[in-house]
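Just below is one structure, and these are the notes that go with it.
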Protein chains: 2
Amino acid sequence: MSKQMREAAAAANAQAIARLRAAGLRPTRQRLELARHLFTGPDRHVTAENLHGEVVGAGIKVSLATVYNTLHQFTGAGLLRQVVVDAARGYFDTNTGDHQHFFLEDEGTLIDIPGDAIAVSGVPQPPSGLRIDRVDVVVRVTREN
Amino acid sequence: MSKQMREAAAAANAQAIARLRAAGLRPTRQRLELARHLFTGPDRHVTAENLHGEVVGAGIKVSLATVYNTLHQFTGAGLLRQVVVDAARGYFDTNTGDHQHFFLEDEGTLIDIPGDAIAVSGVPQPPSGLRIDRVDVVVRVTREN
DNA sequence: CTGTCATAATAGAATTATTCTAAACTGATT
DNA sequence: AATCAGTTTAGAATAATTCTATTATGACAG
Ligand SMILES: [Mn+2]
Ligand SMILES: [Mn+2]
Ligand SMILES: [Zn+2]
Ligand SMILES: [Zn+2]
């Protein structure tokens, strides 16, 4: 392991610790590893199962239950958002900003659509006593032909 | 049972039979009952479990497996559409036309938004090789305060 | 009508995603 | 170093949905 790699790893770690502390979450071993995997690099969309597989594949010992707990804690802390596109599977998104999604039905993958690219107009007044929490747009795409 | 009620029931039945035949589905006892419940009266949003409960409550003998099968067959035949709003529950919609939804997160209920009221603009070109299948908008609402 | 056959219905088992439980562990603080 | 609330974990439990193997039933030919 080169000096640069060691330094980059240390930086990613420090950043993950800071992020957890800021969210009021104790930076435990598994939370740290999950945070590093989720928040190092570009935004991503993960499934509990696939994040667990990835982290376990990287040699870290975490249970699937902890992955579920952690994803929900991160979501509660505003570090992640849930995306509902598939009745059979829950997705978590590291991009918590204003944006929407393409959903590739065949692949089961999500692609971001920037929030300033897309707009929804003509949403009626919600029934009285109710407030709009959010407006989700899912553009479902399939292979042509 | 009055003469009018008998006639209305017979009409609803004939209509259900016609609808199934048109869809190429054999009008069996349970398909007929389910079709009558689904398509008599205004459009509705149902869950397999709740439709099963309703039909069984009305004294009809149908299994939950058959309700699932039938909902999927109806969907395949274009008589229903599926709506994904809740990771834990699948909804089926008798309104197959162009429209969107309010989703009342607390109640777990859907309310239609007419397709000509709402518009989505600025959807980017999908990645090459992919075609847009449909654009779903879900307006999530919660109790105020 | 009746017999035949492809289709459909059914109970119950199985599967899958997710949550719960209760016990063992560990990060922070003293 | 001792303490303890917060955390992790395996495995059991739950809930929605699908599968399987068997039984029943529409459609229709004779
Ligand atoms: Mn499910
Ligand atoms: Mn869920
Ligand atoms: Zn996203
Ligand atoms: Zn609808």
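Residue numbering restarts at 1 for every chain, and letters A, B, ... go by the order of the sequence lines.
Put simply, NE2 on His72(B) is 13 Å from C1' on dC19(D), counting in whole angstrom units. One atom, CG of Asn50(B), and another, C1' of dA16(D), lie 13 Å apart when rounded to the nearest Å. Counting to the nearest Å, the C1' atom of dA9(C) and the NE2 atom of His52(B) are 12 Å from each other. One interatomic measurement links the two molecules: CG of Leu20(A) to P of dA28(C), which rounds to 10 Å at whole-angstrom precision. dA17(C) atom P lies 14 Å from atom CZ of Phe92(A), rounded to whole Å. Whole-Å rounding puts the Glu49(B) CD to dT14(D) P distance at 15 Å. For the pair Leu71(A) CG and dA17(C) P, the interatomic distance rounds to 15 Å; values are reported in whole Å.
The two residues Pro126(A) and Val141(B) have their closest heavy-atom pair at CB-CG1, 4.0 Å. What you find for Thr96(B) and Gly78(B) is that their closest heavy atoms are CG2-O, 3.6 Å.
Ionic pairing of Arg44(B) and Glu54(B) is present here: one or more N-O contacts between side-chain nitrogen and carboxylate oxygen are shorter than 4.0 angstrom. Salt bridge annotation for Arg134(B)-Asp136(B): present, with a cationic side-chain nitrogen under 4.0 angstrom from a carboxylate oxygen.
Here the straight-line distance linking atom CD1 of Ile132(B) with atom OG1 of Thr142(A) works out to 10.0 Å at 0.5 Å rounding.
Under a hydrophobic-cluster definition in which Ile, Leu, Val, Met, Phe, Trp and Tyr are linked whenever side-chain heavy atoms come within less than 4.5 Å, directly or via other members, Phe92(B) and Leu104(B) are assigned to different clusters. Hydrophobic clustering of Ile, Leu, Val, Met, Phe, Trp and Tyr side chains at less than 4.5 Å, counting indirect connections, keeps Phe103(B) apart from Val138(A).
Residues satisfying the ring-ring contact (aromatic ring centres under 6.0 Å, His included) criterion with His99(A), sequence neighbours excluded, are His101(A). With sequence neighbours left out, Tyr68(A) forms a ring-ring contact (aromatic ring centres under 6.0 Å, His included) with no residue at all.
Geometric assessment of Arg19(B) against the ring of Phe39(B) yields a positive cation-pi assignment under the 6.0 Å and 45° thresholds.
Under the salt bridge (charged side-chain N to carboxylate O under 4.0 Å, His left out) criterion, the residue pairs touching residues 101-116 of chain A are Glu105(A)-Arg140(A), Glu107(A)-Arg143(A), with sequence neighbours excluded.
Comparing the axis of the opening five pairs of the helix from dC1(C)-dG30(D) to dT30(C)-dA1(D) with that of the closing five pairs yields an angle of 20°, rounded to 10°.
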Protein-nucleic acid N or O pairs under 3.5 Å, nucleotides 28-30 of chain D:
none

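The side chain of Tyr68(B) places no N or O atom within less than 4.0 Å of a non-bridging phosphate oxygen (OP1 or OP2) of dT18(D). Applying the 4.0 Å criterion to OP1 and OP2 of dA27(D), one finds that Arg21(B) has a side-chain N or O inside that range.
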message = Output one letter per nucleotide in nucleotides 1-11 of chain D: B when a protein non-hydrogen atom lies under 4.0 Å from the base, S when only the sugar-phosphate is that close, - when neither is.
response = -----BSSBBB

